[in-house]
There are 2 protein chains.
Amino acid sequence: MKRPTGKPAKGRQRRARRATSVDVARLAGVSQSAVSRCFTPGASISEKTRSKILAAAQRLDYAPNAIARTLISGRSRIVGVVLPNITNLFYPEVLHELSLRLQAAGLRVLLFNVPYGQQIDDVMPDVLQYQVDGIITSARCSAAVGADCRRRGVPIVFYNREFPELPGSSVKCNQVAGAARLADLLIDAGHRRIGLIAGPDNSPTAHDRERGFVQRLRARGVDLCARAGGDFLYDIARAAARSMLGQPRRPDALFCANDTMAFGAMDAARHDVGLAVPDDVSIVGFDDSGPSRWRGYDLTTVRQPLEAMTAAAVELLVQSFGQPGMPAARRLIDGELVVRSSARVAPPASD
Amino acid sequence: MKRPTGKPAKGRQRRARRATSVDVARLAGVSQSAVSRCFTPGASISEKTRSKILAAAQRLDYAPNAIARTLISGRSRIVGVVLPNITNLFYPEVLHELSLRLQAAGLRVLLFNVPYGQQIDDVMPDVLQYQVDGIITSARCSAAVGADCRRRGVPIVFYNREFPELPGSSVKCNQVAGAARLADLLIDAGHRRIGLIAGPDNSPTAHDRERGFVQRLRARGVDLCARAGGDFLYDIARAAARSMLGQPRRPDALFCANDTMAFGAMDAARHDVGLAVPDDVSIVGFDDSGPSRWRGYDLTTVRQPLEAMTAAAVELLVQSFGQPGMPAARRLIDGELVVRSSARVAPPASD
DNA sequence: ATGAAAGCGCTAACAT
DNA sequence: ATGTTAGCGCTTTCAT
């Protein structure tokens, strides 16, 4: 089955044939392995050979084929990033940070979107087929996935999720502590009728925030006076706030489990119910997303320290490349209370 | 260099050895190529063999190695997505749409971020090394990149950018027409003192919007009464609007080249200058980003039809997989005028 | 420091 | 329909 000389390698090729290391070797008058070494940092090669090879490579417009390299070396330098729903105001920033840092570490981002309602399990086979060196995920995850990764030796880092029973490190913002600080802030300001607009039932993050808030309230002898679900969405939260604040004995402070809902609540207060913020009602959120700095909202909230979280995630992942059997590390990073004007900070003067 | 029998393939391996098609073939008692066919849609294989193979594959937890497949077939099913700055309120949605659609088409997204100030050229070598089947990009781009792609036979689709001189298709929202509609809307409402807050100097999109707006104004006999740069950013636009609206002969309408700047301008009008929107000043933007629907802004704007644009981009790319020499297609998609309450729509009753 | 050779896991031509 | 075989382009021993 020798192919007739001169014919371009098989009939298959669909793209312009790129120069290979063999071509470069031939032109430079060296062996193919020399070319390989030339493009491998730290390989032993003389300066003379190197420059000959580089010249030939340049002439042929050669660049190493990362796919072939992956196949033989078993390392792809690709990280699978699996996110639940990029549309959420929070994830774009995460992804931005993540891709910059991974790029800086010489790693590539293979992005996977888990459509609403599905979990990571559904995309996992695809991720694994591309021989990713590691995975960073913020999606829901089952034990099967953990087992998969372990079996394959693919390290996984959970971002703002935690699965103590799964092998894999995690990085989390301390939602509980952050929410507690907001509870303190409201109570210190003299609020006693405090309502809560919660996130989706299936979001651990939302749960943590609610738990942290309510626990601290209890610890200081205050009970929630109203609660509604807002699903992390503006419209739902606005409707919830509208009806909550429309009551005769309405709350005078509102904790929303994320910023987007807080914006909805503020708009409900001002435009639907006709209350002033913070004079009639204090409103606080969680995330410190872009619009919270805007003058129209100026939201008191807790900043998730994205840079630190992302740096930690990448760091943990890169570390685990070194030692395969690395024990799972858990990093809990405190959020920063950002006090703006949407909540009063002291009890009203005359009361 | 025969390796001693029984020893695990070389000393190199860093991850648990995964089952290969050879293992599956052996267990199923068929040839390795049969296994390959079994996992190739449309290949001819008997039902009996297929099920034998699938059973063996399941037992061994086998999945085809996409990297090896890429190497031999020359098709990676990976699309390089190159974006300039994901933090911009617009790109997250693009990326979301794009990744969903590409996933649905059986393609993977390899994400590249072009840090501020750089152009696509700087990341291009990396993209190409991974043998992507195609590229979708929204980053600045030079002729060299176009030449690169052409030479390599890698199709490229420009998203909201256009390079007529480069080989490659493009999908664009018709910024000029959209901006013209906003100009019409303001003039029809009786505005004659119209100001503009422009985008970054290096953004073609920003230029198109400004050009479309100003041209239509001129065509109807109106000249811009003020102009400032806002760099697509909230803070800068707010400052610009503050000084513009603080003048004695201030504009009574403002076009901001994107929504984010319009939010800044609205906040400046209301909170910095004490003007009512739209009673004292009409403000319009461009993009229809999330907060424009919020009650606090309720911004009149032009919606970039992301779904249509993204669908077109993926479609063009997939088409060009079929015919390598496909002529570049240019798709210009009209945006939709979204009339909300931030701009008045008729001349004031008594004037 | 360099070269020869093996082979990563797979697809696709060819032969049966 | 199935098996045989030749590589895809590279990294990595091993030998020199």
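We name chains A, B, ... by the order of the sequence lines, and we start the count at 1 in each one. What's counted below: heavy atoms across the whole structure, side chains too, no hydrogens, waters or symmetry copies.
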Is it the case that C:dA4 (base atoms only) and A:S33 (side chain only) share a donor and an acceptor within less than 3.5 Å, ignoring hydrogens and angles? yes

Calculate the interatomic distance between B:I45 atom CD1 and C:dA12 atom P; express it in whole Å. 15 Å

Between C1' on C:dT11 and CG on A:L71, what's the gap in Å once rounded to a whole number? 12 Å

Counting any heavy atom closer than 4.0 Å, what does A:Y62 reach on the DNA or RNA strands: base, sugar-phosphate only, or nothing? sugar-phosphate

Interatomic distance, B:Q32 CD vs C:dT11 C1' [rounded to whole Å]: 8 Å

Which of D:dT2, C:dT11, C:dC10 is nearest the side chain of B:T20? It is C:dC10

Flag the pair A:Y62 / A:F39 as yes when their ring centroid distance falls below 6.0 Å, and as no otherwise. yes

Within the structure shown, what part of the strands sits under 4.0 Å from A:S46 by heavy-atom distance: base, sugar-phosphate, or nothing? sugar-phosphate

Of all residues at least two apart in sequence or in a different chain, which pass the ring-ring contact (aromatic ring centres under 6.0 Å, His included) check with A:Y130? none

How far apart are the closest heavy atoms of A:P167 and A:I156, and which atoms are they? O-CG2, 3.6 Å

When you measure from the side-chain N and O atoms of B:S36 to the phosphate of C:dC10, is any distance below 4.0 Å, counting only OP1 and OP2? no

Shortest side-chain distance from B:T49, nucleotide among D:dG9, D:dT2, C:dC10: D:dT2

Which of these nucleotides, C:dA4, C:dT2, D:dC8, is closest to any side-chain atom of B:I72? D:dC8

Set of residues satisfying ring-ring contact (aromatic ring centres under 6.0 Å, His included) with respect to B:F158, sequence neighbours excluded: B:F163

To the nearest angstrom, the CZ-C1' distance between B:R75 and C:dA12 comes to 15 Å

Tell me what A:V30 touches on the nucleic acid: a base, only sugar-phosphate, or nothing, going by heavy atoms under 4.0 Å. sugar-phosphate

Calculate the interatomic distance between A:L128 atom CG and C:dG9 atom P; express it in whole Å. 15 Å

Knowing that exactly one of A:L107, A:I78, A:T310, A:V318 qualifies, which makes a side-chain contact (heavy atoms from CB on, under 4.5 Å) with A:L102? A:L107

B:R108 bridged to A:D126 by N-O distance under 4.0 Å: yes

Could you give the CD1-to-C1' distance, from A:I67 to C:dG7, as a whole number of Å? 18 Å

Rounded to the Å, how far apart are B:R77 CZ and C:dC10 C1'? 16 Å

Nearest to side-chain heavy atoms of B:S73, which nucleotide of C:dT2, C:dT11, C:dC8: C:dT11

Proximal nucleotide (of C:dA4, C:dG9, D:dT11) relative to the A:R37 side chain: C:dA4

Side chain of A:A34 only, heavy atoms from C-beta on: which candidate in D:dC10, D:dT11, C:dG3 is closest? C:dG3

Rounded to the nearest Å, what distance is computed from the CZ atom of residue B:F39 to the P atom of nucleotide C:dC10? 9 Å

Out of C:dG9, C:dG3, D:dG3, minimum distance to the side chain of A:S31 belongs to C:dG3

Could you check whether A:S44 gets within reach of a base, just the sugar-phosphate, or nothing at all, counting any heavy atom under 4.0 Å? base

